2 protein chains.
Amino acid sequence: MAITIYDVAEEANVSMATVSRVVNGNPNVKPETRKKVLAVIERLGYRPNAVARGLASKKTTTIGVIVPDASKTFYAELSRGIADIATMYEYNIILSNSDKRQDREVELLEDHLGKQVDGIIFMSDSITPQLREEMRRANVPIVLAGTLDAEKEFPTVNMEYEEAAYLATKKLIENGHSNLAFVSGPFTRDINRLCKKVGFEKAHEEAGFAVNPEFILETDNTYDDAYNHWCEMLERDNAPTAILVSNDELAVGILNAIRDNKFSVPDDFEIICFEHSLLARAVRPQLTSVVIPLYDLGAVSMRLLTKLMNKEEVEEDKVMLPYRVEWRASTKEKNPLA
Amino acid sequence: MAITIYDVAEEANVSMATVSRVVNGNPNVKPETRKKVLAVIERLGYRPNAVARGLASKKTTTIGVIVPDASKTFYAELSRGIADIATMYEYNIILSNSDKRQDREVELLEDHLGKQVDGIIFMSDSITPQLREEMRRANVPIVLAGTLDAEKEFPTVNMEYEEAAYLATKKLIENGHSNLAFVSGPFTRDINRLCKKVGFEKAHEEAGFAVNPEFILETDNTYDDAYNHWCEMLERDNAPTAILVSNDELAVGILNAIRDNKFSVPDDFEIICFEHSLLARAVRPQLTSVVIPLYDLGAVSMRLLTKLMNKEEVEEDKVMLPYRVEWRASTKEKNPLA
DNA sequence: ATGAAAGCGCTAACAC
DNA sequence: GTGTTAGCGCTTTCAT
């Protein structure tokens, strides 16, 4: 049996209440007593039982993080931002992968709530009505990170994907292209369908020419799928000459398809993508990218969550983080966005 | 106040013991009663409190995972393997980053133990004596994943890095090289210093020529550091012509240094690296790699941990997973290792 | 400054 | 098959 607060109390000739005070840094303890208790704690190797503490205090200093797939760099980076701030505020993290399955998401939400987490950071492709319902029922704060909440109902930390897509597309158009493609991950992801794609379209609209629906490519978000899609594209005689890509991995697939087929980037094709992970810097030419502030998305989400858990006043719980564009060699001109 | 088992009991006109039985799937409940209770649970939206359950049962169905940096693909992949098997056995995961700081590792171990995790999976560059002491004191099983335990004291799941390094180096020597380099991450990582480096040296010994200590390069494990190191190397007139590299990221740094300086891989330099993440496939030429079975390392570790937590008989708690070599274009011949 | 005692919500004997 | 009851190891009033 492990050492309990009771053992310490007995050994130190004080009540368990006093031991509890010492452990919790309550100032109402005579320095002498504190010292004595601390010595016993050390000697006995007492380690407070967080589960008992959680039951008594109704706080677990643990938060839940639900993420589509923590092994993807996108979410891995984001989670690291969460983790660092969580550490700073002394929270532990229960991390779960939903694999984007809505039933899993609901299950995990239930599961985390059952574990009495003090708050949840949630990432998902889309907040479905059922999920929304479930989230409303939660008795702890939930923050959406890098996730679109179409109803603007929950606290959210995100960036202006639509604007970024619009500006990037506009830049490509200014570079002389009139035949552009948008290669995306699944449109089940709201950010792809409702933000990036829309920005892409708006730039077209403004420029006065139409988006060719054949050149809106929905992939399964893998390197290989993008590679194959673009190999097929290259066989057409009207292949687009500029490409806005949803993320690094897809962009590298396209880049390699282009280069393996002896075409050149940026001479034959210009590419701008989202994310800018190491992958975008490691390939040649390096990829011009809208840099998604992944780490900060996570860090700010967690910071917001701490405030919510503390019931602090929060001036604004829909936060948009700034992004920047990293101009590299997959585009011809290295001018900043106008 | 949330709904408790007591509320359900009252509402269903049964005792809380019966509700507990229903919730826990105990067969000793009349089907009729079960149905009634289930209906009330549903109606009231009762959700069992896992903290209370944990206190009463002394099991939390939560395990701790301590990892140097979950945002690195290496550990992200590995953690995903852990997570999937954990889900399968209905465990939650508390995930923490140690950033390889020994004091943090000790702290986190204490912290997780305090949270009453049922077991721990630990990843680290090196098991120091203090850490070892701490791990011995733990009252729950601990499995080391992808981590060298020089004393072979704890359950471990890993692969034969030394052998792989030896075979890869041997292959490079067979390809005609006599001037080879080993570019490594920090030697504070046991696997680098005690396994890969040793394999590299053994192949030299066997071939009858000496390792040039100047060509054992210890980097800080970043793309940029490797890139810079190799740029300097290229200015020497005796630069090595074959390179064994500790991981993909470093290898890509070297590859780019070589190519940016107008040399060719594999004509001027041959490269074999460890890991084979997407990065190794995305660059041109693609990198010949010793494929580390990251996902499986995690999955097998977790499976082993479940057995240990269940106090099942385990035939062997030092597991070595098989690896394979992916022959790509950074080496001249694509023959399998003899 | 310290102690006594009542829970927190559940599990697990034990009794019927 | 079901109920009663004693904890699990803490926190937290409330006294003193």
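Within every chain, numbering begins at 1; the chains are lettered A, B, ... in the order of the sequence lines, protein sequences first and strands thereafter. Note that the structure is predicted; figures quoted are calculated from it, not measured.
Comparing B/P31 and B/L55 along DNA chain D, the residue whose closest nucleotide (by nearest heavy atom) sits nearer the 5' end is B/P31. Annotation: of the two residues near DNA chain D, A/K59 and A/A52, the 5′-most nearest-nucleotide partner is A/A52.
Between A/I5 atom CD1 and D/dC8 atom C1' the separation is 14 Å, expressed in whole Å. As a whole-Å value, the separation of A/N49 CG from C/dC8 P is 18 Å. In this entry the distance linking CG of B/N24 with P of D/dT2 reads 16 Å, nearest Å. As a whole-Å value, the separation of A/E10 CD from C/dA4 P is 12 Å. Atom P of nucleotide D/dG9 and atom CG of A/L44 are separated by 14 Å, given to the nearest angstrom. The interatomic distance linking A/I41 (CD1) with D/dG9 (P) rounds to 16 Å, in whole Å. D/dG1 atom P lies 10 Å from atom CZ of B/R21, rounded to whole Å. Rounded to whole Å, the distance from NZ on B/K58 to C1' on C/dG9 is 15 Å.
Checking C/dA4, D/dT5, D/dT2 against every side-chain atom of B/T18, the shortest atom distance belongs to D/dT2. Minimum atom distance to the side chain of A/S15 is reached by C/dT2, of the listed D/dT2, C/dT11, C/dT2. The side chain of A/V29 has C/dT2 as its nearest neighbour among D/dT2, C/dT11, C/dT2. Comparing D/dG9, C/dA12, C/dC10 against the side chain of A/T4 picks out D/dG9 as the nearest.
Using a 4.0 Å heavy-atom cutoff across all strands shown, A/S20 reaches at least one base atom of the nucleic acid. Backbone-only contact: A/V14 has heavy atoms under 4.0 Å from sugar-phosphate atoms and none from a base.
Between B/S57 and C/dA12 there is no side-chain polar atom (N or O) within less than 4.0 angstrom of OP1 or OP2. For B/Y46, a side-chain nitrogen or oxygen approaches OP1 or OP2 of C/dC10 to under 4.0 Å. The phosphate of D/dG1 has OP1 or OP2 within less than 4.0 Å of a side-chain N or O from B/N28. Within the 4.0 Å cut-off from OP1 or OP2 of D/dT11, at least one side-chain nitrogen or oxygen of A/R53 is found.
With 3.5 Å as the limit, one finds a donor-acceptor pair spanning the side chains of B/S126 and B/D190. Looking at A/D84 and A/Y295, their side chains do bring a donor and an acceptor atom within 3.5 Å of each other. Counting only N and O atoms by type, the side chains of A/T62 and B/K115 include a donor and acceptor under 3.5 Å apart. Between the side chains of A/T306 and A/N310, no donor-acceptor pair of N or O atoms lies under 3.5 Å.
Looking only at distances, no side-chain donor or acceptor of A/D69 sits under 3.5 Å from a matching main-chain atom of A/D99. Side chain of A/N49 to backbone of A/V51: a donor-acceptor contact under 3.5 angstrom is found.
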Could you go through A/T156 and A/T147, starting from their C-alpha distance and side-chain angles, then the distance that decides it, and tell me whether this counts as side chain to side chain contact (heavy atoms under 4.5 Å, CB included)? CA-CA 7 Å; A/T156 303; A/T147 297; 5.8 Å; no

Any chance you could lay out the side chain to side chain contact (heavy atoms under 4.5 Å, CB included) test for B/I292 and B/F74, step after step, and finish with the verdict? CA-CA 9 Å; B/I292 305 179; B/F74 187 97; 3.9 Å; yes

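Inter-axis angle, ends of the helix from C/dA1-D/dT16 to C/dC16-D/dG1, five pairs per end, rounded to 10 degrees: 30°.
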